[in-house]
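Before any comments, here is the structure.
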Amino acid sequence: MTTTAVHEDEIRIGTGRDQGTDTGWGLAADADADAGTGTGTGTERPVPRWAERVAHAIPLVLLAQCVWRLPFAFGFDMGTGTGSIGSLWISVPYIFALSLLTEALALLSFGLVRGWGEVVPGWVPLVGGRRLNRWVAVVPATLGGLGATALFGPFTLGALGLGASFSEFDSGFWEFLFRACVLPVGLWGPLVLALTVHYFIRRRPSA
């Protein structure tokens, strides 16, 4: 092997060491990443591409159900035959607040793949800049993931015809639309749990 080839190999190895090696769970296999040199997501260790995609997918799996729910705020029953749920002064704030709250909770999943899920943002009074113990995120994320699975899993099973049946609809179109909109929501809990496991492993103490 020539001197030039050896030199090129050293450069190639050195570059890999500087950038860090992603093991698939966001665990850097090098000392630099373990030391917290920073990544594009603001995390101390790299976040794998699959985890990034899961974090982006969580708000989307809830979006269809939130949009399907909005017409109820204005008295349109979406073919369910249930009629209005009450005065517009009650239904509009309630439905819109429920949808916004659902999406806000879904967006919290980004804390499992972002730096603000590891270190409190500096603008937070008193505790800004403080490093978070991983259990501070793992415990609520686990409870939330399990709760979402128990709460929304039956909707997905029902939409697949495997669980509890839904009320009759005015037509097959409305029933199809309902099932299509609620089908993805059952993925919320399992996706959060997957990110939680990844977060827990990624933030394990260095050996």
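Count residues from 1 along the sequence. Only heavy atoms go into these numbers, but all of them, side chains included; no hydrogens, no water, no symmetry mates.
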Please report the interatomic distance [atom1]([X]) to [atom2]([Y]), rounded to the nearest 0.5 Å.
| X | Y | atom1 | atom2 | result |
| --- | --- | --- | --- | --- |
| Leu107 | Phe110 | CG | CZ | 6.5 Å |
| Leu183 | Gln65 | CG | CD | 11.5 Å |
| Phe155 | Arg179 | CZ | CZ | 12.5 Å |
| Leu63 | Cys181 | CG | SG | 9.5 Å |
| Leu100 | Leu105 | CG | CG | 11.0 Å |
| Arg114 | Thr43 | CZ | OG1 | 8.5 Å |

Does the side chain of [X] reach to within under 4.5 Å of the side chain of [Y], using non-hydrogen atoms?
| X | Y | result |
| --- | --- | --- |
| Val182 | Thr156 | no |
| Val192 | Ile58 | yes |
| Val113 | His198 | yes |

Heavy atoms only: give me the nearest [X]-[Y] pair and the separation to one decimal.
| X | Y | result |
| --- | --- | --- |
| Trp135 | Pro140 | O-CD, 4.0 Å |
| Tyr199 | Gly117 | OH-O, 2.7 Å |
| Leu177 | Met78 | CD2-CE, 4.0 Å |
| Leu88 | Ala73 | CD2-O, 3.2 Å |

* Close aromatic pair by centroid cut-off 6.0 Å: Phe176 and Trp68 -> no
Donor-acceptor contact below 3.5 Å, side chain [X] vs main chain [Y]:
| X | Y | answer |
| --- | --- | --- |
| His56 | Glu52 | yes |
| Arg45 | Arg204 | yes |
| Arg131 | Val119 | no |

* To do: Kindly indicate whether a cation-pi arrangement holds for Arg134 with Phe200, taking the cut-offs as under 6.0 Å to the six-membered ring centre and within 45° of the axis.
  => yes
* To do: Verify the neighbour count for atom CH2 of Trp116: are there more than 12 heavy atoms of other residues, nucleotides or ligands below 6.0 Å?
  => yes
* To do: Assess whether ring pair (Phe, Tyr, Trp, His ring centres under 6.0 Å) is satisfied between Trp174 and Phe76, documenting all intermediate values.
  => CA-CA 12 Å; Trp174 289 116; Phe76 189 69; 5.7 Å; yes
* From the options Leu195, Leu187, Leu193, select the one residue that forms a side chain to side chain contact (heavy atoms under 4.5 Å, CB included) with Leu191. =>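 Result for side chain to side chain contact (heavy atoms under 4.5 Å, CB included) with Leu191: Leu187.
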Examine [X] and [Y] and state if one hydrophobic cluster contains both, with Ile, Leu, Val, Met, Phe, Trp and Tyr joined whenever side-chain heavy atoms are less than 4.5 Å apart.
| X | Y | answer |
| --- | --- | --- |
| Val61 | Trp50 | yes |
| Val92 | Ile90 | no |
| Leu108 | Leu132 | no |
| Val136 | Val139 | no |
| Trp188 | Leu101 | yes |

* Worked check of side chain to side chain donor-acceptor pair (under 3.5 Å) between Ser99 and Arg69 -> CA-CA 8 Å; Ser99 297; Arg69 187 192 298 132; 3.1 Å; yes
* Do NZ/NE/NH1/NH2 and the carboxylate oxygens of Glu118 and Arg130 come within less than 4.0 Å? ->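 A salt bridge is absent here (no side-chain N lies under 4.0 Å from a carboxylate O).
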